[in-house]
Amino acid sequence: MKNLLWMLPCLALLASPAMAADTQPAQKQPDELVKAVSGEILPLLKKKHGYYAADNNRLYAMVNERILPYFDFRKMSQYVLGLAWRRASEAQKQRFADEFRKLLVRTYATALLRYNDQQVIYLPYTGKPTDHIVLVKTELKQTSGEANVPIYFTFYNGPQGWKVFDLTIDGVSLVTNYRKVYGTRIQKEGLDAVINSLAEQNRKAEAVAAQGSK
């Protein structure tokens, strides 16, 4: 996905152990949530870069603990698979969602190591408290002087509060991108074959990470 490596620094804006422990996400509007935790997590990325770079498993654990709980991977998987989701069994749905989550953990972790203390710009928020789906718009300012990278978070308000179910980075939607990739493969190979291939890809990556941490 074009510019996918910009994703992690911005996803990191959504995660904070203190926020999870002391406040329920539903009590804050999405734009407030993003702003409230950015001052906590971004310094951590800068301070512990070497620590995470030395052991990918530590990095994956941090992403799982601090970032991904604010995302609804089942809903993301539903949008990614489209018609195939409606035709899939419950076991297939769950397995795809699990493997898709693992894929994104690795993708985000790789992006995290490329974070270089860029400034985040918050654009005016137009969502209303009564909205169920809102867009939070940010930009990542480039230290090189290049054009800012627009990053938009799509939130929905469900039973567990506000969750992210899509990201649009420099005009490219994560969900739409993966839907195109997997849609073509599902038509040719079938859903089970795609899930098996994704699972094997994840297993190989986990083995490499485990080897590197020894």
Side-chain angles (χ1 to χ4, degrees), residues 1-15 20 41 45 48-115 151 153-154 160 163-169 172-214:
M1 177 179 179
K2 181 182 178 182
N3 286 321
L4 191 59
L5 292 180
W6 292 114
M7 194 175 298
L8 216 295
C10 302
L11 296 182
L13 303 179
L14 301 175
I41 196 69
L45 303 184
K48 291 196 171 185
H49 181 275
Y51 174 80
Y52 293 129
D55 189 342
N56 285 344
N57 285 325
R58 294 171 181 167
L59 186 59
Y60 297 161
M62 188 278 288
V63 172
N64 263 312
E65 176 186 353
R66 299 193 177 206
I67 297 172
L68 298 191
Y70 290 86
F71 286 71
D72 189 331
F73 283 93
R74 186 173 177 89
K75 183 173 284 291
M76 293 175 75
S77 298
Q78 179 181 350
Y79 278 89
V80 166
L81 292 183
L83 181 60
W85 178 271
R86 295 194 291 272
R87 295 174 175 174
S89 67
E90 181 57 35
Q92 288 174 316
K93 293 176 181 178
Q94 189 59 51
R95 190 176 177 216
F96 179 84
D98 290 343
E99 297 298 338
F100 187 56
R101 179 187 176 104
K102 292 177 184 177
L103 169 67
L104 293 186
V105 166
R106 289 202 323 276
T107 302
Y108 298 165
T110 300
L112 176 60
L113 291 179
R114 299 196 179 196
Y115 177 67
I151 303 175
F153 303 85
T154 304
Q160 296 181 329
K163 297 279 187 178
V164 175
F165 72 92
D166 195 14
L167 283 169
T168 301
I169 303 173
V172 180
S173 160
L174 179 149
V175 166
T176 299
N177 179 76
Y178 278 114
R179 182 166 182 162
K180 291 178 180 177
V181 172
Y182 290 126
T184 300
R185 292 187 57 190
I186 289 171
Q187 288 181 353
K188 294 180 179 179
E189 307 168 27
L191 180 56
D192 281 329
V194 169
I195 296 174
N196 290 337
S197 176
L198 182 56
E200 180 63 21
Q201 180 183 350
N202 287 332
R203 280 194 294 270
K204 289 180 179 179
E206 289 167 359
V208 171
Q211 189 68 28
S213 63
K214 291 181 180 179

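When a residue number appears, it is its place in the shown sequence, counting from 1.
- Under the rule for a side-chain contact (heavy atoms from CB on, under 4.5 Å), the partners of Ala205 that lie at least two apart in sequence or sit in another chain are Arg106.
- Proximity of Val80 to Phe96: side-chain heavy atoms (C-beta onward) are separated by under 4.5 Å at one or more points.
- Of the inter-residue distances, the one linking Ile151 atom CD1 with Thr168 atom OG1 reads 10.5 Å to the nearest 0.5 angstrom.
- Here Tyr79 pairs with Phe165 under the ring pair (Phe, Tyr, Trp, His ring centres under 6.0 Å) rule; sequence neighbours left out.
- The ring pair (Phe, Tyr, Trp, His ring centres under 6.0 Å) check on Tyr60 picks up nothing, with sequence neighbours excluded.
- Applying the side-chain contact (heavy atoms from CB on, under 4.5 Å) criterion to Arg58, with sequence neighbours excluded, gives Tyr51, Tyr52, Asp55.
- Summarising the geometry of Ala199 relative to Arg95, their closest heavy-atom pair is CB-NH2, 3.9 Å, with the distance given to 0.1 Å.
- In this structure, Asp166 contributes its side chain and Val175 its backbone to a donor-acceptor pair below 3.5 Å.
- Evaluation of the side-chain contact (heavy atoms from CB on, under 4.5 Å) rule for Ala193 yields Glu189 as partners, not counting sequence neighbours.
- In this structure, CD in Glu99 is found 8.5 Å from CD1 in Ile195, a value given to the nearest 0.5 Å.
- For the pair Phe73/Leu104, a side-chain contact is recorded, criterion being any heavy-atom separation below 4.5 Å from C-beta on.
- In plain terms, the two heavy atoms of Ser77 and Ala97 that are nearest each other are OG-CA, 3.3 Å.
- Annotation: side chain of Arg179 is not in contact with side chain of Leu81 (no heavy-atom distance under 4.5 Å).
- Side-chain N or O atoms of Gln187 include none that pairs as donor or acceptor with a backbone N or O of Thr184 at under 3.5 Å.
- In the model, Asn202 has no side-chain atom that pairs as donor or acceptor with a side-chain atom of Arg101 under 3.5 Å.
- For the pair Ala84 and Leu191, the tightest heavy-atom approach, listed with the atom from each and the gap, is O-CD2, 4.3 Å.
- Between Leu198 and Tyr182 the shortest side-chain heavy-atom distance falls below 4.5 Å.
- Judged as a side-chain contact (heavy atoms from CB on, under 4.5 Å), and not counting sequence neighbours, the contacts of Glu90 are Arg74, Lys93, Gln94.
- To the nearest 0.5 Å, atoms OG1 (Thr107) and CZ (Phe100) are separated by 8.5 Å.
- Side-chain N or O atoms of Asn177 include none that pairs as donor or acceptor with a backbone N or O of Ser173 at under 3.5 Å.
- The minimum heavy-atom distance linking Lys163 with Asp72 is given by the pair CB-CB, 4.1 Å.
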Stepwise, does the salt bridge (charged side-chain N to carboxylate O under 4.0 Å, His left out) test hold for Arg203 with Glu200? CA-CA 5 Å; Arg203 280 194 294 270; Glu200 180 63 21; 2.7 Å; yes
